[in-house]
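All of these numbers come straight from a predicted model, not from anything done at the bench. Reminder, nothing fancy here: chain letters follow the sequence lines and each chain counts from 1.
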Amino acid sequence: MKFRGFYAFSPGLTFFNFFRIKEQQTLELLLARDQKGLRDLYADYGQAVYGVISRIVKQDGLAEEVLQQTMLKAWNGIGSYDPDKSALFTWLAAIARNTAIDAVRLKRYQNQQKTDSFDPHVHDSGTHYDEAAALDVQKLTKNLDEKYRFVLDKAYLEGYSQAEIADEFNLPLGTVKTRLRKAIAILRDQLRSEKSLFIGILTTLAALVGAIYFFSTFG
Amino acid sequence: MARSISEIRDEGLLERYALGDLGLHERSEVEAALAADADLRTELREIEVALYRYAQAHRRPAPDAVLDRVLADASKSPLAAVKRPARDRSTTTSSGGNSRIGTWLLAAASLGALFFGFYQLNERQNDRTAYVAQLSDCDELAKQRQVLLAKVDEYEQLGRPGTRVVSVAATEKYPETEIVLHTNNATQTNFLQLQNLPALTDAQSFQLWSLKSDSDPIPLDVFETEDGRVFLKVDHVDNTNAYAITIEQRGGAESPNLADLIGVFDLSAG
């Protein structure tokens, strides 16, 4: 079975498939029911997944519960993960998103039954950036217009479907689809630029080293 | 009828697939296309990486306590290992084994990674500088906002019921100066509006005085102006009969210099 693998945060390193190998190792540990796999999964993707969950549930306590459920679902359901169909993070993020949305719906229903008020916006727990994350966001979004970033945040970080975005924010569905594709295309372009830069540096150095080797051997 | 590869691309189904926003039928179509087309798989990979980076940029520190609970729960429900066909590892790495060329290439790759790392670090530093500057701008804007809100509050007080407007002529020495007092006995607030004030030297300031019938003049605000106009809130002083404005030495004085009296305005007037 081919293993698609997954690329690193720094696109330059993807050239060596370091993280593709890392993801494969994590998967094999999980399949072998080795808890190191679970630790590695949490270490590699826990923060990103927690960020997504926090934006959907908007309550720290509930976000932690959902994160716990997500990781357990991944552990228990790893047999159903098909690396040909998606990267491990994509699969994990989908579990997280669905679990978070279900948790919000359940909480809302339970509170309606108790006639307690539940305001999912009581505490915005999704915006506690540290400086490093703030810089990452700034770097990634500098070429991203606000209108594209808005739909991308709603769809990817907050679990809205395109139809829900169109409905709730009074946008034509076609506009939502177009902006989402454009947002992702911009992020991909950025990735390609960084990759090209790295490859350029590497090629130059490889040529230099190759020349040194040639002259030292045959010169 | 199943969509073609180009239809799947053009309709944005790859992006929606990566976002998990497809129904069962469309998902099956995309998966069938992915199984058949390597370029499509590469494209999906790029989309997934781009989205992962976006999620990673919006990360939150994951609590260690959650991991502890997950591990504890995982221990309670041990499952048999899941069998998968072994992957052909011969295609995974590019380390080159015992080849000298491979060693040189690995060295080149390591240097490349180092250079790229330095480049990224430099970019990061530039981003950090810009970020700090933006934070400083935000702080500055917040301060300006507070100042403006205070001004708005002052202007709103001018319109409160009971506010009297007292317009006073300046002294003969400064006939151009206009003095208007907005005074409200109920709220005990006074605002002084001055225009065409005379130019000062660097050693001078304007000073406001509270005049009472049974005491010496009480020094109040000391101020300067660049455009000859001032709007300021005047502290309420009990039993003040009138206010006076004079020109004093820079920083103010203990008693008024009547030779440079700009105006006196009686609170009982108007």
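Residue contact with chain B, scored on non-hydrogen atoms closer than 4.5 Å, is absent for A/Leu208. Both the backbone and the side chain of A/Tyr156 come within less than 4.5 Å of a heavy atom of chain B. Interface residue A/Leu144: only side-chain heavy atoms are found under 4.5 Å from chain B.
Here the straight-line distance linking atom NE2 of B/His58 with atom CG of A/Leu157 works out to 5.5 Å at 0.5 Å rounding. To the nearest 0.5 Å, atom CG of residue A/Asp84 and atom CD of residue B/Glu31 are 10.0 Å apart. How far CG of B/Asp73 is from CE of A/Met71: 12.5 Å, rounded to the nearest 0.5 Å. Taking CD1 from A/Ile184 and CZ from B/Arg16, the interatomic distance works out to 11.0 Å, rounded to the nearest 0.5 Å. Here the straight-line distance linking atom OG1 of A/Thr90 with atom OH of B/Tyr17 works out to 9.0 Å at 0.5 Å rounding. We find the CZ-OG distance between B/Arg27 and A/Ser86 to be 10.5 Å, quoted to the nearest 0.5 Å.
Listed here is the closest heavy atom pair of A/Leu72 and B/Ala74: CD2-N, 3.9 Å. Heavy-atom minimum distance, B/Ala50 versus A/Leu187: CB-CB, 3.8 Å. The two residues A/Gln47 and B/Pro61 have their closest heavy-atom pair at OE1-CA, 3.9 Å. In this structure, B/Arg60 and A/Ser54 approach most closely via the heavy-atom pair NH1-OG, 3.0 Å. Minimum interatomic distance between B/Arg9 and A/Arg181 (heavy atoms only, all atoms of both residues): O-NH2, 2.9 Å.
B/Gln144 CD: more than 12 foreign heavy atoms inside a 6.0 Å radius. Dense packing is recorded around CZ of B/Arg250, with more than 12 heavy atoms of other residues, nucleotides or ligands lying under 6.0 Å away. Around atom NZ of A/Lys73, more than 12 heavy atoms belonging to other residues, nucleotides or ligands sit under 6.0 Å away.
Note on B/Asp21 versus A/Lys177: no salt bridge recorded, every NZ/NE/NH1/NH2 to OD/OE distance being 4.0 Å or above.
Side-chain contact between A/Arg188 and B/Ile47 is present, with at least one heavy-atom pair separated by less than 4.5 Å.
In terms of non-hydrogen atom pairs under 4.5 Å with chain B, the most contact-rich of A/Thr203, A/Ile212, A/Leu152 is A/Leu152. Comparing B/Val30, B/Leu71, B/Leu14 by how many heavy-atom pairs each has under 4.5 Å with chain A, the most go to B/Leu71.
The main-chain N or O of A/Asp153 is never found under 3.5 Å from a side-chain atom of B/Tyr54 such that the two would form a donor-acceptor pair.
Residues of residues 62-69 of chain B placed with any heavy atom under 4.5 Å of a heavy atom in chain A are listed by number as B/Ala62, B/Pro63, B/Val66, B/Leu67, B/Arg69.
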Worksheet item: Should B/Glu15 and A/Leu180 be marked as a side-chain contact (heavy atoms from CB on, under 4.5 Å) after you check the CA-CA gap, both sets of side-chain angles, and the distance that decides it?
Response: CA-CA 8 Å; B/Glu15 287 84 352; A/Leu180 198 50; 5.8 Å; no
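Under the ring-ring contact (aromatic ring centres under 6.0 Å, His included) criterion, the residue pairs touching residues 134-155 of chain B are B/Tyr155-B/Phe231, with sequence neighbours excluded.
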